[in-house]
Amino acid sequence: MARPPGTDVRWPSPPSHHHLEVAVVPVDPPPDNGAAPAPDAGDDASKLAEIIEGRRAKIDQLRDAGVEPYPVRFRPSHTVPEVRAAYPDVAAGTETGDHVTIAGRLVAKREMGKLRFLVLREDGQDIQLFCPLAALDDDSRALMDLLDTGDWIGATGEVMASKKGELSVKPATLTLLAKGLRPLPDKWHGLSDTEARFRQRELDLVVNDDARRVFEVRSRVLSALRAEMEERGFVEVETPMLHPIPGGATARPFVTHHNTLDVDLYLRIAPELYLKRLIAGGMRRVFEINRNFRNEGMSTRHNPEFTMLESYAAYDDYHDVMELTEGLIERAARDAVGTTDVTYQGRPLSLAGPYRRATLLELTAEATRRPDLRYDLDVADLRALCDTHEVHWEHAWGGGKLIVELYEKLVEGDLWEPTFVIDHPVETSPLARAHRSDPHVTERFEVIVAGRELGNAFSELIDPSVQRERFEAQARARAAGDAEAMVVDEAYLRAMELGMPPTGGLGIGVDRLVMFLADVSNIRDVILFPTLRPEQT
RNA sequence: GCGCCGCUAGCUCAAUUGGCAGAGCAUCCGGCUCUUAACCGGCAGGUUCUAGGUUCAAGUCCUAGGCGGCGCACCA
């Protein structure tokens, strides 16, 4: 929460991280043991307050008995998954003679008089603690009665299997590692309230196996992308998140302010311009995986901060980048889920290349049944075509923009299998170079998967004079009221004037790639702490 | 930004045309040495998201607001 001094994110307004917690139900402080004051035990919920108070009382009892409820260190000999893996089949009712020390969160207790069964969870895997009270030392037996689900505990004992064949550890000692104050969600139904899952991701991770699975997939995707890039000779770099002027994409930025410099800065909407300056400087192949921020609408596919992979490779054109894109997506799929043949939202999806390649113009011509479709058709004709298909248009738009709008409305959503939609018009592609054989379009592609844009790439524009003209056209659009249009970036132009080799550039939406591989439909399910309105009380 | 839907105990959910707010799990108390959604008995737990309104009576109907989900718009 604490921001570095001197920064102050002004948009959106800084959330109040320390709204007053008014204790409606008074909670007696623990008697004089120096314990921290109650965080917020006394919400309006009396039952919750009662539970928390009961657990505080247990902490007092523990301290009175000389047990530290929040000790400093613990050394397990094995993780729970390691124990499970090491003893795949212990015959029912047998003891192995092997002793282990394990740790985890207590997630269930089943008490049968003098025999107790505890369930310990670590790294998403459970193991049973088989606890005849007689097998425990005195301290552990006393501790047993003060344990609650949610507590972190350690256990040392023999690996065995119960009469029903459940792999178990029979502890001789139990150690409290951290006392939990709050109850766990329902052990059977778990936590299904979506808002609670997003706001309290830690709870989601404790009780929902699927949440853990999704973020494991995400982690493997990130590793796979890095491995593939490195194997292809790319160097990972980090470029600024604070930009003096927003650039590299058409999007509305977040504004912030630096106090010492007394200048407004923008959270980056794309790293593109900085990465290309590195290419101009002679770094032959670079990539960055990091956050971008766009101050625009939120939806199941858009979070205000999202993760992009961007890469630039000297000497390459967009055909090379298509090959790279296929390699990255295939690698991510294989490493993250073991196959390129996945199921997304109940429908099969093959991520194995090579992907279909089709021009934006031919796809749109087909969808509109206008084989004569061209970018230089009379604008009135194209506007009429938009009207026919109920596509909104504006007078400022030229033929390129009109055809792109038709494409997005009529074509994009229906492209299920991965498709390279290539050769976008110059009008909507200010940073891409003109096509080598068609002046109306650029050497650009978008890779579409399951009807959604997953990546965007082009043969980069490297001619500084043309780039200046494109910037100036954008600046005119901006002056005319287009808040997303680009501004002239002189520092970037200066780098291009130094000389930039032919370059192939790529951007892939990592969150969306994870969505396909984890088979989830809401981007918030692949972002640990998605942007939400601040909680109010 | 617009539309639709949702919000009831710590969690998951009920509550008939507007008629005494309930259950399961969890908690608390008692019992139980092979349970695994353990079981059995008992106690307790509520600002029904908020503020107004209609009504003899509102969880339920009306108005405004809050938060979330989904769809549309915008974008990656």
Side-chain angles (χ1 to χ4, degrees), chain A residues 24-25 41 43-55 57-58 92-93 107-119 126-135 148-150 160-168 170 181-200 203 206-207 248-252 269-270 292-310 392 405 408-409 412 446-448 452-456 483-484 507-513 515 521-525 530 532-537:
Chain A
V24 174
V25 176
D43 315 10
D44 45 45
S46 61
K47 186 61 190 181
L48 178 58
E50 180 189 316
I51 290 171
I52 290 174
E53 189 47 32
R55 295 189 176 202
K58 290 178 181 174
V107 293
K109 279 197 306 182
R110 294 182 289 274
E111 304 190 347
M112 314 212 29
K114 294 183 183 59
L115 177 61
R116 315 274 169 96
F117 298 89
L118 309 184
V119 178
D126 293 350
I127 196 163
Q128 176 170 275
L129 300 182
F130 177 89
C131 302
L133 291 186
D148 293 295
T149 54
M160 45 88 65
S162 71
K163 282 183 185 171
K164 296 282 171 60
E166 179 78 23
L167 182 67
S168 308
K170 184 165 78 173
L181 293 179
R182 291 179 176 273
L184 257 27
D186 189 280
K187 66 183 173 188
W188 183 246
H189 299 97
L191 185 70
S192 60
D193 180 74
T194 49
E195 184 176 354
R197 289 203 304 110
F198 296 153
R199 287 195 196 279
Q200 299 185 69
L203 268 187
V206 170
V207 298
T250 51
R252 293 171 62 186
I269 55 176
N292 291 347
F293 306 86
R294 299 193 182 173
N295 203 340
E296 295 177 340
M298 297 165 64
S299 74
T300 49
R301 297 173 196 81
H302 303 265
N303 198 62
E305 53 177 310
F306 62 101
T307 300
M308 280 272 282
L309 161 67
E310 285 209 13
H392 167 79
E405 291 292 314
E408 288 180 354
K409 171 82 179 289
E412 188 173 274
E446 291 184 343
V447 56
I448 308 298
R452 296 177 202 163
E453 184 183 338
L454 180 61
N456 185 21
E484 295 183 352
I508 290 181
V510 173
D511 309 279
R512 289 184 178 178
L513 179 56
M515 287 169 70
S521 60
N522 188 339
I523 197 169
R524 290 172 166 183
D525 283 316
L532 298 174
R533 272 183 210 282
E535 275 184 282
Q536 293 184 344
T537 39

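Just so it is clear, the structure is predicted and the values come from calculations on it, not from any experiment. Below, chain A is the first sequence line, B the second, and so on; all start at residue 1.
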What are the atom names and distances for every N/O pair under 3.5 Å that joins the protein to nucleotides 21-24 of chain B?
unit_1 : atom_1 : unit_2   : atom_2 : d
B:G24  : N2     : A:Asp186 : OD2    : 2.9

If you only use heavy atoms from C-beta on, which nucleotide in [options] is closest to the side chain of [X]?
X        : options             : result
A:Phe130 : B:C28, B:G10, B:C34 : B:C34
A:Arg199 : B:G10, B:C11, B:C67 : B:C67
A:Arg533 : B:G68, B:U12, B:U33 : B:G68

Worksheet item: A:Phe293: what forms a ring-ring contact (aromatic ring centres under 6.0 Å, His included) with it, not counting sequence neighbours?
Response: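 Once residues adjacent in sequence are excluded, A:Phe293 has no partner under the ring-ring contact (aromatic ring centres under 6.0 Å, His included) criterion.
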
Please measure how far the [atom1] atom in [N] lies from the corresponding atom in [M], and state the result in whole Å.
N     : M     : atom1 : value
B:G59 : B:G19 : P     : 10 Å
B:C34 : B:C20 : C1'   : 46 Å
B:C67 : B:U54 : C1'   : 26 Å

Practice prompt. Between protein and nucleotides 2-8 of chain B, map the contacts as a letter string: B base, S sugar-phosphate only, - none, heavy atoms under 4.0 Å, written 5' to 3'.
Written response: -------

Item to complete: Just jot down the side chain to side chain donor-acceptor pair (under 3.5 Å) partners of A:Glu412, sequence neighbours excluded, or say none.
Response: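 Result, side chain to side chain donor-acceptor pair (under 3.5 Å) vs A:Glu412: A:Tyr407.
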
Worksheet item: What residues, two or more places apart in sequence or in another chain, satisfy side chain to side chain donor-acceptor pair (under 3.5 Å) together with A:Arg116?
Response: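 Side chain to side chain donor-acceptor pair (under 3.5 Å) check on A:Arg116 returns A:Asp145.
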
Worksheet item: Counting distance only, does the side-chain N/O of A:Asp511 pair as donor-acceptor with the main-chain N or O of A:Thr307 below 3.5 Å?
Response: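 Yes: the side chain of A:Asp511 pairs with the backbone of A:Thr307.
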
Discussion item. Quick check on B:A76: is either OP1 or OP2 less than 4.0 Å from any side-chain nitrogen or oxygen of A:Arg512?
Written reply: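 It does not, given that no N or O in the side chain of A:Arg512 lies less than 4.0 Å from OP1 or OP2 of B:A76.
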
Worksheet entry | Distance below 4.0 Å between A:Asn522 side-chain N/O and B:C70 OP1 or OP2 |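 True: A:Asn522 side-chain N/O within range (under 4.0 Å) of B:C70 OP1/OP2.
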
Worksheet entry | Partners meeting salt bridge (charged side-chain N to carboxylate O under 4.0 Å, His left out) with A:Asp525 (sequence neighbours left out) |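 A:Asp525: salt bridge (charged side-chain N to carboxylate O under 4.0 Å, His left out) contacts with A:Arg197.
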
Discussion item. Could you tell me how far apart A:Lys58 (NZ) and B:C29 (C1') are, to the nearest whole angstrom?
Written reply: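 It is 12 Å, rounded to the nearest whole Å.
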
Worksheet item: Considering every strand shown, what is the Watson-Crick or G-U wobble mate of B:C7 when both distances are under 3.5 Å?
Response: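 When the pairing criteria are applied, B:G66 turns out to be the nucleotide that pairs with B:C7.
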
Fill in: Residue closer to the 5' end of RNA chain B, A:Glu111 versus A:Pro185 (nearest nucleotide)
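Per heavy-atom nearest nucleotide, the more 5' residue is A:Pro185.
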
